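Beneath this line is the structure, given in structure tokens, with notes to follow.
Note that the coordinates shown come from a computational prediction; the quantities given were computed from them, not determined experimentally.
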Amino acid sequence: MTHSATPHLHFPLGLTNAQPVDGMAMPARDKSPAGVAALTRRLSAGDETAFREFHARYFDRLYQFLLVVARGQEHEAREALQETLLRVARHARPFDEEETFWCWLKAVARNAARDAGRKRSRYTALLNNFSILVRPDKINAPAVEDGRLTALLGECLAELGAEDRALLEGKYLLGATVEELSQRTGLSEKAIESRLLRARRELRERALAKLRQP
């Protein structure tokens with residue numbers, strides 16, 4: 001299905017976050033064809049007021065749907081909901097009926113949840129792979145549970161410089177090749193490989209330093 005480009009929306013802070021907006025009244029949902037058509041037409045045109053109305057009308061409904069998709073995992077549901085709201089803002093198009101619009105919203109939400117799940121899996125795999133390099137039994141550091149080691153590596157990854165972190169995530173989370181990273185950054189493939197090596201080494205050293213702390 002092809003979607004036409006929509007204008008960039010400048011939403012007030014918080015509207016695309018997965019939480020209700022304080023002080024926003026919840027209007028009665030207008031399921032009439034005219035109501036849905038008007039709302040979605042305004043959404044596709046980049047109307048900020050329309051997005052406020054959409055957020056108020058569909059936030060709870062989408063969240064409850066995503067809770068089921070996430071099997072009750074609230075953090076995962078909120079993460080997927082935030083991405084769903086962003087995708088709606090970017091790709092909204094007119095619909096004539098509430099049922100059709102809701103089916104589209106569920107598809108967007110389900111895809112957002114699936115993509116988030118894949119990213120989490122790749123992230124966990126990356127951290128698990130790096131954890132092998134810093135096993136406490138191979139270094140002068142106290143023993144630590146695997147879960148704590150993975151969390152510690154996550155902290156270290158967040159502490160890296162933005163460019164190095166982006167390269168590691170692009171390569172090991174998103175599955176980009178060195179050639180693709182080179183095209184995206186404008187750096188040579190040799191430079192990308194060198195920076196990946198340096199970033200992996202820095203990640204390892206940060207983790208070792210944390211493990212050796214009393």
Side-chain angles (χ1 to χ4, degrees), residues 1-125 162 166 169-170 172-177 180-181 183-185:
M1 181 177 295
T2 302
H3 302 300
S4 58
T6 57
H8 179 69
L9 303 180
H10 301 279
F11 298 120
L13 182 63
L15 273 185
T16 53
N17 291 336
Q19 56 186 344
V21 177
D22 293 338
M24 178 179 289
M26 180 68 72
R29 189 159 63 241
D30 184 355
K31 296 185 178 182
S32 69
V36 172
L39 176 63
T40 56
R41 186 167 56 251
R42 290 162 55 212
L43 280 173
S44 65
D47 186 320
E48 296 181 12
T49 302
F51 190 81
R52 282 182 174 274
E53 293 176 14
F54 164 79
H55 188 282
R57 292 181 183 181
Y58 290 95
F59 178 93
D60 285 342
R61 193 177 178 191
L62 281 169
Y63 180 60
Q64 294 302 319
F65 172 75
L66 284 166
L67 268 180
V68 175
V69 173
R71 299 182 179 180
Q73 299 297 314
E74 294 184 358
H75 175 74
E76 294 180 12
R78 288 194 298 269
E79 180 182 2
L81 178 55
Q82 180 172 344
E83 179 61 24
T84 299
L85 296 175
L86 289 171
R87 293 185 184 189
V88 169
R90 292 167 182 162
H91 305 295
R93 62 188 182 85
F95 287 88
D96 293 330
E97 298 179 355
E98 160 76 15
E99 182 178 357
T100 306
F101 182 43
W102 177 240
C103 286
W104 180 76
L105 289 175
K106 288 193 296 183
V108 172
R110 193 178 292 110
N111 287 337
R114 184 179 65 243
D115 292 346
R118 289 173 177 171
K119 184 175 181 180
R120 280 193 301 273
S121 296
R122 289 192 294 263
Y123 185 79
T124 300
E169 291 179 344
Y172 299 106
L173 298 185
L174 303 179
T177 64
E180 290 171 337
L181 291 174
Q183 293 173 350
R184 294 175 189 175
T185 61

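- Two residues are said to be in side-chain contact when any heavy atoms from C-beta on lie closer than 4.5 Å; Glu83 and Glu79 fail this criterion.
- Put simply, CH2 on Trp102 and CZ on Arg61 are 4.5 Å apart, with the number rounded to the nearest 0.5 Å.
- Residues Asp60 and Phe65 form no side-chain contact, since every pair of their non-hydrogen atoms from C-beta on lies 4.5 Å or further apart.
- Checked against side-chain contact (heavy atoms from CB on, under 4.5 Å), Ala176 has the following partners two or more places apart in sequence or in another chain: Glu180, Leu181, Arg184.
- Taking CG of Leu81 as the reference point, atom OH of Tyr63 lies at 8.5 Å (rounded to 0.5 Å).
- The nearest pair of heavy atoms linking Ala112 to Ala80 is CB-O, 3.8 Å.
- Between Arg52 and Glu48 there is no salt bridge, since no side-chain N of the basic residue sits under 4.0 Å from a carboxylate O of the acidic one.
- The distance from atom CZ of Arg110 to atom OG1 of Thr84, rounded to the nearest 0.5 Å, is 10.5 Å.
- From Thr40, atom OG1 reaches atom CG of Leu105 across 10.0 Å, with rounding to the nearest 0.5 Å.
- To the nearest 0.5 Å, atom CZ of residue Arg57 and atom CG of residue Leu62 are 13.5 Å apart.
- Nearest heavy-atom pair, Ala70 versus Ala77, reported as atom, atom and distance to 0.1 Å: CB-N, 4.0 Å.
- Contact of the Phe51 side chain with the Arg42 side chain is not registered, since no non-hydrogen atoms from C-beta on lie closer than 4.5 Å.
- Taking the side chain as every heavy atom from C-beta outward, Phe101 and Tyr58 approach each other to under 4.5 Å.
- Once rounded to the nearest 0.5 Å, the distance linking CG of Leu66 with NZ of Lys106 reads 11.5 Å.
- When side chains are defined from C-beta on, Asp47 does not count as touching Phe54, because their heavy atoms never get closer than 4.5 Å.
- Residues that satisfy the side-chain hydrogen bond (donor to acceptor under 3.5 Å, both in side chains) test with Arg114, not counting sequence neighbours, are Asn111.
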For side chain to side chain contact (heavy atoms under 4.5 Å, CB included), just list the numbers for Arg87 and Asp115, CA-CA rounded to whole Å, side-chain angles, deciding distance to a tenth of an Å, and then say yes or no. CA-CA 12 Å; Arg87 293 185 184 189; Asp115 292 346; 2.8 Å; yes
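- Side-chain contact between Glu97 and Phe95 is absent, with no heavy-atom pair separated by less than 4.5 Å.
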